[in-house]
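Here is the structure we will look at, set down as structure tokens.
This one's a predicted model, so the numbers in the text were calculated from it and none came from an experiment.
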Amino acid sequence: MKPTFARRDLSRLHGTFGSDAFGKKAESFARFFGTPTFLIVQTAVVVLWIVINVAAVSLQWDPYPFILLNLAFSLQAAYAAPLILLAQTRQADRDKAMSETDAEHREALAAANEERQTLAMDLWQNMSRILEENMRLTEEVNALTAEIHSRLIPA
């Protein structure tokens, strides 16, 4: 007998904007922001930006103090923070749903275990009753055998 429990409907974890596609994209961006690849590429872009703007006088589109670069960082942060928060919220919702499902599963297992214990107790009581009946019948057969023996073989 297998324990049964209801699977949680995880469809409510869809994004705030109605479609799960936006949420999935936001999570993939948030995950990418924390990778070494992102840090290496961003560092390379910043170094290249500074080198071009310092060394190549004719290509200086953002001279020192690099206000455009600062604006790009601000823009990146303005989008990164909400995307990371959205990803964390979605992960928290998934964790909560999984936790609730685990709790239901543990309750179902506990109920099944209790049912097995009750069944085992019933079986033990039946076996005890059968054993007692067997002992009574064995004693009765022994008594009848002794009586037959005493009638057939005189003392």
| Nearest-0.5 Å distance, CD1 of residue Ile130 to CG of residue Leu137 | 11.5 Å
| message | Within this structure, what is the CH2-CG distance for the pair Trp61 and Leu68, rounded to the nearest 0.5 Å? | response | 9.0 Å
| request: Determine whether Pro65 and Ile67 make a side-chain contact, defined as any pair of heavy atoms from C-beta on separated by less than 4.5 Å. | output: yes
| said: If the condition is side-chain contact (heavy atoms from CB on, under 4.5 Å), which residues does Thr145 pass it with, not counting sequence neighbours? | reply: Val141
| remark: Contacts of Asp95 meeting side chain to side chain donor-acceptor pair (under 3.5 Å) (sequence neighbours excluded), chain-then-number -> Gln91
Identify every side-chain donor-acceptor pair in residues 119-127 under 3.5 Å, counting partners at least two apart or on other chains, and give the distances.
from   : atom 1 : to     : atom 2 : distance (Å)
Asn126 : OD1    : Arg129 : NH2    : 3.2

| Residues sharing Val41's hydrophobic cluster, by side-chain heavy-atom contacts under 4.5 Å among ILVMFWY, directly or via others? | Val45
Table please: side-chain donor-acceptor pairs of residues 23-32 below 3.5 Å, with sequence neighbours left out.
from  : atom 1 : to    : atom 2 : distance (Å)
Glu27 : OE1    : Arg90 : NE     : 3.0
Glu27 : OE1    : Arg90 : NH2    : 3.0
Glu27 : OE2    : Arg94 : NH1    : 3.2
Glu27 : OE2    : Arg94 : NH2    : 2.6
Ser28 : OG     : Lys25 : O      : 2.8

| query | Does anything in residues 63-85 pair up under side chain to side chain donor-acceptor pair (under 3.5 Å), and if so which pairs, sequence neighbours excluded? | reply | Gln42-Gln76
| field | Pairwise salt bridge (charged side-chain N to carboxylate O under 4.0 Å, His left out) hits with a residue in residues 132-146, at least two apart | value | Glu133-Arg136, Arg136-Glu140
| Among all residues two or more places apart in sequence or in another chain, which pass the side-chain contact (heavy atoms from CB on, under 4.5 Å) test with Leu69? | Val46, Trp49, Ile50, Asp62, Phe66, Phe73
| message | Measuring from atom CG of Asp102 to atom CG of Leu109, what distance do you get when rounded to the nearest 0.5 angstrom? | response | 10.5 Å
| request: Output every pair passing salt bridge (charged side-chain N to carboxylate O under 4.0 Å, His left out) with a member in residues 142-154, not counting sequence neighbours, ordered by first then second residue. | output: Glu147-Arg151
